[in-house]
Amino acid sequence: MCGIYGVVEKKVDRELAIKCLDTMYHRGPDGSGLWQEGGVTLGHRRLSILDLSGAGSQPMSYANGRYELTFNGEIYNFIEIREELRKKGHTFRGDSDSEVILAAFAEWGEKCVERFNGMWTFAIWDAQMQRLFLSRDRFGVKPLFYTEFPGGGMAFASEMKALVPLLDTVEPNKAMFDRYFADNHYENQPECLICGIRRFPAGHNAWYQSGTLKIERYWNTLDHLVEVPEAYEEQVEQFRELFLDAVKLRMRSDVTLGTGLSGGLDSSATICGMSYISGNVADERANKDWQHAYVACFPGTELDETKYAKAVTDYLGIPHTFLNVDTAVSENDFLQQLYCFEELWGNPQVPMMQLYRSERLDGTTVSLDGHAADELFAGYGFDVVKAYPDAANQAEIDMITTAYLNQNSEEGIPVGSAEFKRQRNRLYREYMFRYRAKKLLGRADVRSAYAGHPNWNRLDNLNKALFVSTHETILPTLLRNYDRDSMASGIEIRMPFLDYRIVELAFSLGWRSKLHGGWSKSIVRDACAPFMPDEVCYRRTKLGFNAPIADWMRGPYRQFFEDTASSAGFANCALVDDPQAVRQDLQRFLNGGDGSLHEAADIWNRIQPYLWERAMIKQDFTRRDFKVQA
């Protein structure tokens with residue numbers, strides 16, 4: 001995990017290149033490298049994970065200098081690929097996955113990415129052919145931005161801020177701010193918040209040569225649906241096998257592993273899987289120092305889940321680290337967090353960034369986390385009801401309803417009770433009325449950019465909704481958020497649930513395998529039950545990991561928000577619509593209002609563009625790079 005940077009077909013002064021690269025110091029605090037030849041510059045900020053020696057440094061050369069690589073991410077199956085390449089005559093001087101990428105590219109060209117199990121963005125300059133190859137992983141776990149210069153040439157980087165010094169003018173893209181207020185999931189769009197910078201799409205490769213950038217898709221999940229057993233029990237076994245293998249591969253590291261543990265199903269399954277692998281499966285590169293569970297605590301708020309997290313660590317017999325999220329972040333640090341984050345979102349990233357900073361200070365560099373299970377296996381209540389159109393009978397309607405209602409209470413509502421029937425009838429009637437109305441109007445219940453694919457209609461209604469959440473809306477946004485949150489402190493996040501083999505399986509399973517027995521994410525629960533505590537595995541309620549913005553806005557951040565909204569800069573910010581109305585709504589909330597999270601988030605969203613401008617465009621703070629003392 002690192003920060004990458006490059007410029008092709010345009011000469012860049014070395015000092016300017018270093019300035020660009022060092023804006024991403026936080027992504028790679030362990031070292032940096034810069035390679036320049038002719039009109040090509042490749043840069044790298046290193047976070048050392050595999051092969052901590054100098055042999056793993058980048059930019060890295062291969063084939064007598066024909067290829068030059070800068071790479072961000074991990075190729076988890078690099079050991080298996082390396083053995084295959086050795087049989088073909090390739091030799092390796094180090095023990096990193098970076099060198100395996102170069103050899104794989106030399107052997108198979110752009111098709112090499114189809115063999116990779118991992119997360120990545122990388123660029124390879126081919127000196128012989130005088131062209132650049134770019135690639136981003138299947139689901140966009142790792143970020144990549146680029147800009148094309150009017151006079152020819154292009155530049156790319158892991159973060160927008162590294163491209164800003166190369167732009168003639170730096171202006172916010174007001175159209176994207178407006179889009180955010182209409183739909184805050186903009187991550188799958190090529191346009192960015194800064195004019196002239198574009199987002200490289202997930203699952204794509206590109207070639208750049210002679211002033212022309214050609215981007216091509218190499219991955220579409222709909223092209224990779226697989227055969228699954230008919231029996232649910234066999235599906236559970238298949239998922240368990242894949243999940244544990246995904247965990248095993250992601251434990252390959254030469255530095256300490258840990259987990260951001262919430263006490264929910266997904267993160268708990270991840271650390272329990274790590275425990276199982278450590279005790280039962282041999283792997284030459286799986287790090288044995290994994291027993292580090294970090295729990296973000298919000299004492300006295302409805303977001304506190306410490307009792308469930310403790311149940312997991314007690315079950316495994318490992319220590320836990322409870323981290324009371326420090327709400328007293330200074331204005332300078334708050335703006336620097338926004339600078340590291342770069343984007344817009346409905347909550348400040350304080351708790352997430354604080355969690356990963358604490359992990360790093362404690363000596364952990366790699367965090368295996370449970371992200372993506374909700375989107376793949378129906379963890380959100382609003383998705384669960386989308387299975388109603390495919391229910392074949394009353395029992396299946398009841399199963400869907402149970403999965404939905406049980407997320408609201410640990411006790412649940414007994415099927416057959418008057419209350420259950422009342423809520424079931426209301427939910428089913430309301431959803432199916434909207435569904436049938438759309439159908440009469442010739443509109444799809446689930447709209448997607450993938451709807452024209454031949455395999456789209458192989459998905460049932462629930463899986464169509466989950467496909468959109470995974471590939472177009474929720475998950476791309478969360479992947480972006482967690483990349484910035486963790487990399488602000490030099491922490492690498494790995495996600496076993498997002499192993500491409502699990503994604504293939506997830507969209508090849510029918511909805512009944514995800515809501516079996518009236519449980520959301522049923523196949524995950526049933527597969528992981530043998531190595532998890534029941535009280536967490538079959539926990540009904542679900543909380544998101546967000547800042548308690550309503551409590552904070554009325555508490556430790558009250559003065560900050562009042563000062564911000566009353567400032568002249570806020571009143572004159574072109575990115576803020578109707579600053580006076582925002583000030584009035586803020587005062588109404590602080591002095592009464594309904595006090596809801598929704599109201600607080602709405603005010604935060606309307607103030608956020610001004611703070612973003614201060615952080616990203618004006619850089620109105622004193623930068624203090626986060627450093628871990630050796």
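Note that the coordinates shown come from a computational prediction; the quantities given were computed from them, not determined experimentally.
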Stepwise side chain to side chain contact (heavy atoms under 4.5 Å, CB included) check, Tyr315 with Glu535: CA-CA 11 Å; Tyr315 177 86; Glu535 66 187 287; over 6 Å; no
Would you sort out whether Tyr482 and His371 count as a ring-ring contact (aromatic ring centres under 6.0 Å, His included), showing the intermediate values? CA-CA 9 Å; Tyr482 280 106; His371 311 309; 3.9 Å; yes
Between Phe507 and Phe467, is a ring-ring contact (aromatic ring centres under 6.0 Å, His included) present by the stated rule, with each step listed? CA-CA 8 Å; Phe507 290 105; Phe467 192 94; 5.2 Å; yes
Pair Glu472-Ser448, side chain to side chain contact (heavy atoms under 4.5 Å, CB included): steps then yes or no: CA-CA 8 Å; Glu472 299 180 68; Ser448 171; 2.5 Å; yes
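Just one residue in the list Asp369, Thr364, Asp485 forms a side chain to side chain donor-acceptor pair (under 3.5 Å) with Tyr356, and that residue is Asp369. When each of Arg540, Arg525, Lys514 is tested with Ser520 by the rule side chain to side chain donor-acceptor pair (under 3.5 Å), just one qualifies, namely Arg525. Of the candidates Tyr428, Phe433, Trp511, Tyr388 forms a ring pair (Phe, Tyr, Trp, His ring centres under 6.0 Å) with just one, namely Tyr428.
Ring geometry, His292 versus Tyr294: the interplanar angle falls under 30°, so the pair is classed parallel (tilted spans 30 to 60°).
Side-chain atoms of Gln291 and His320 form no donor-acceptor pair, as typed in the model, at a separation below 3.5 Å. Side-chain contact, Tyr557 with Asp551: no donor N or O sits under 3.5 Å from an acceptor N or O.
Of the possible polar contacts, none joining the Arg539 side chain to the Leu265 backbone as a donor-acceptor pair under 3.5 Å is found. Although no hydrogens or angles enter the test, the distance criterion places a donor-acceptor pair under 3.5 Å between the side chain of Arg45 and the main chain of Gly28. Using a distance-only test at 3.5 Å, with no hydrogens or angles considered, a donor-acceptor pair links the side chain of Trp612 to the main chain of Glu342. Under a 3.5 Å cut-off, the side chain of Thr473 and the backbone N or O of Val468 do form a donor-acceptor pair.
Side-chain rings of Phe621 and Phe334 stay apart, their centers remaining 6.0 Å or farther from each other.
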